[in-house]
Amino acid sequence: MLNPVALYRKRPARPDDPPPEALIGKGVRFVNRIYMLRAIGLGIGFFCVAAGFVQHPVDWPLWALLVFHGFIWPHAARHWALRSEIPYRAERRNLIIDAGFGGFWMAAMNGNLVPSAVIISMLSMDNIAAGGVRLFMRGVWASIACFLLGWLLLDYRFMPQSDIATIVACLPMLALYPLALGKSTYDMSKKLAERSREFEVVSQMDGLTRLFNRRYWESLLIEEFERCRRNAGRSGHDACLLLLDLDHFKNINDTHGHLVGDEVLRNFSQLLRSRLREDDLIGRYGGEEFVVILRNTSAADALLLSQRLIDEARERKSGDDSLWGCTVSAGLVPFTPDMDAHYVWLQRADHAMYCAKEKGRDCLVAWDAGLHRAQAKAAADARAA
């Protein structure tokens, strides 16, 4: 037995074709959405074609085919598509069949202008909404082919005039079907907007800790730096940058494995979330390093808060929220107007954190501009000597 997926792979790829692996079993929601539109459109469209048949009488087989197409085909098409291995492709095939039916009804109505124009327009709207220009053009060719088939089979006579009864019968289609299509398009656009927001949130988060990832957090740091520069000197607009590093974390990975290391990172991120405010911007800077922008916080308050975090991390040696013996070294830097750019703020926090490491770890070092200048001068003098 031939595999439909294998057949799909053999035919030439088209620009609008998604990968076969992505389509297997997919498209159920697409089928159901088109099913509702098809049931409404063909149910109303039945009366358009029926009015044309009344104006120019036809034999009963055409009436039977019209009843099938208007009221049975929507359910049969849905069932057929859902039973297919690739419902998405099967439903696109059904849309081409719809377009073919439209061309056949044009011939059966002898080119009755108003119902023919209404039916072809609505079917074309379906195709271009579901598959773009390519599906629309395939529908056009199907309509032309079936129109020519109907012309040959039904002794076609061109009688485009529409009487008032036929025009009135087409009005519900003109009024109701665009509303149904518009409602379906609106619902789909809402779902896409929601999905886009979800993807945006995911792109901002670190997958392990659920904190802001480095790229997004740095964009927040730039915004906060600019805000601090605009409000420099104003009371209540202070901010501090806190850089934290888990001491001996590599030993945890080497001794207990990366699963335990991941648990330590999650537990520490939970500690940060539980002890900091919603306004504070917490990120995972990389590896075992974490960064926090303490917004609207004075240097004195930030110092107390940071020290409490270090003390609590030290105490978490056991339990479900254990850090497995890891302690924290941290560097704290208040915003000062002399900083030329946001990365200067970050460099100072990094320098303060490494000073905490050199002091023996498990401690906090707050940036001191005077001390930094003295250390830089001493280092320069040592190099000169």
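None of the values given here were measured: they were computed from a predicted structure.
Not a single salt bridge (charged side-chain N to carboxylate O under 4.0 Å, His left out) links Lys359 to another residue, sequence neighbours left out. Applying the side-chain hydrogen bond (donor to acceptor under 3.5 Å, both in side chains) test to Asp280 and every residue at least two apart in sequence or in another chain returns Arg277. For Thr209, the side-chain hydrogen bond (donor to acceptor under 3.5 Å, both in side chains) criterion is met by Asp206, not counting sequence neighbours. With sequence neighbours left out, Arg214 forms a salt bridge (charged side-chain N to carboxylate O under 4.0 Å, His left out) with Glu218. Under the side-chain hydrogen bond (donor to acceptor under 3.5 Å, both in side chains) criterion, Trp105 pairs with His69, sequence neighbours left out. The salt bridge (charged side-chain N to carboxylate O under 4.0 Å, His left out) search around Lys183 returns Asp187, not counting sequence neighbours. When the side-chain hydrogen bond (donor to acceptor under 3.5 Å, both in side chains) test is applied to Tyr216, no partner is found at least two apart in sequence or on another chain.
At least one side-chain heavy atom of Leu171 sits less than 4.5 Å from a side-chain heavy atom of Leu174. For the pair Leu276/Leu309, a side-chain contact is recorded, criterion being any heavy-atom separation below 4.5 Å from C-beta on. Counting heavy atoms from C-beta on, the side chains of Leu265 and Leu246 come closer than 4.5 Å.
For the pair Leu95 and Leu135, the tightest heavy-atom approach, listed with the atom from each and the gap, is CD1-CD2, 3.8 Å. When every heavy atom of Pro115 is checked against every heavy atom of Ser162, the shortest pair comes out as CD-OG, 3.8 Å.
Within the structure, the ring pair (Phe, Tyr, Trp, His ring centres under 6.0 Å) test picks out no pair touching residues 118-139 (sequence neighbours left out). For residues 301-311, the pairs satisfying salt bridge (Lys or Arg N to Asp or Glu O under 4.0 Å) are Asp311-Arg314, with sequence neighbours left out. Sorted by first then second residue, the ring pair (Phe, Tyr, Trp, His ring centres under 6.0 Å) pairs that include residues 251-283, not counting sequence neighbours, are His256-Trp324, Phe268-Phe290.
The residues Asp338 and Arg348 are annotated as salt-bridged, a charged nitrogen and a carboxylate oxygen being separated by less than 4.0 angstrom. Using a cut-off of 4.0 Å between Lys/Arg side-chain N and Asp/Glu carboxylate O, Arg284 and Glu289 are scored as not salt-bridged. With respect to the salt-bridge test (charged N to carboxylate O, under 4.0 angstrom), the residues Arg38 and Glu91 qualify. By the 4.0 Å N-to-carboxylate-O rule, Asp247 lies close enough to Lys357 to be salt-bridged with it. A salt bridge links Glu224 and Arg227; the closest N-O separation between the charged side-chain nitrogens and carboxylate oxygens is under 4.0 Å. Glu312 and Arg316 are joined by a salt bridge, as a carboxylate oxygen and a charged side-chain nitrogen come within less than 4.0 angstrom of each other.
The aromatic rings of Trp73 and Phe101 sit tilted relative to each other, their planes meeting at an angle between 30° and 60°. Under the 30°/60° scheme for interplanar angles, the aromatic rings of Trp345 and Phe225 are found to be tilted. Classification of the Phe30-Tyr88 ring pair by plane angle, with boundaries at 30° and 60°, yields tilted.
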(request) Dump the intermediate steps for side-chain contact (heavy atoms from CB on, under 4.5 Å) on Leu241 and Leu332, then the final yes or no. (result) CA-CA 6 Å; Leu241 181 59; Leu332 178 68; over 6 Å; no

(request) Please report the C-alpha distance between Asp362 and Ser329 in whole Å, then the side-chain angles of each, then the deciding distance to 0.1 Å, and finally whether the side-chain contact (heavy atoms from CB on, under 4.5 Å) criterion is met. (result) CA-CA 5 Å; Asp362 190 21; Ser329 299; 5.7 Å; no

Atom pairs and distances, side-chain donor-acceptor, residues 50-67, under 3.5 Å, sequence neighbours left out:
from  : atom 1 : to     : atom 2 : distance (Å)
Gln55 : OE1    : Asn112 : ND2    : 2.9
Gln55 : OE1    : Asp163 : N      : 3.3
Gln55 : OE1    : Thr166 : OG1    : 2.8
Gln55 : NE2    : Gln161 : O      : 2.8

Which pairs would a plain distance check flag for residues 124-132, meaning a side-chain donor or acceptor within less than 3.5 Å of a matching protein atom at least two apart in sequence or in another chain?
from   : atom 1 : to     : atom 2 : distance (Å)
Ser124 : OG     : Ile120 : O      : 2.8
Asp126 : OD1    : Tyr177 : OH     : 2.2
Asp126 : OD2    : Tyr177 : OH     : 2.6

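The cluster map of Ile, Leu, Val, Met, Phe, Trp and Tyr, joined by side-chain heavy atoms under 4.5 Å apart, puts Phe335 and Trp367 in the same cluster. Transitive grouping of hydrophobic side chains (ILVMFWY, heavy atoms separated by less than 4.5 Å) brings Ile119 and Phe47 into a common cluster. Put simply, Ile310 and Ile252 are part of the same group of oily side chains (I, L, V, M, F, W, Y) that touch within less than 4.5 Å, one to the next.
Two rings, from Phe212 and Trp217, have their centers 6.0 Å or more apart.
The number of heavy atoms from other shown groups lying within 6.0 Å of CZ (Arg273) is above 12.
Side-chain contact check for Arg78 and Asn32: at least one donor-acceptor pair (N or O, by modelled atom type) lies under 3.5 Å.
Between the side chain of Ser274 and the backbone N or O of Leu271 there is at least one donor-acceptor pair closer than 3.5 Å.
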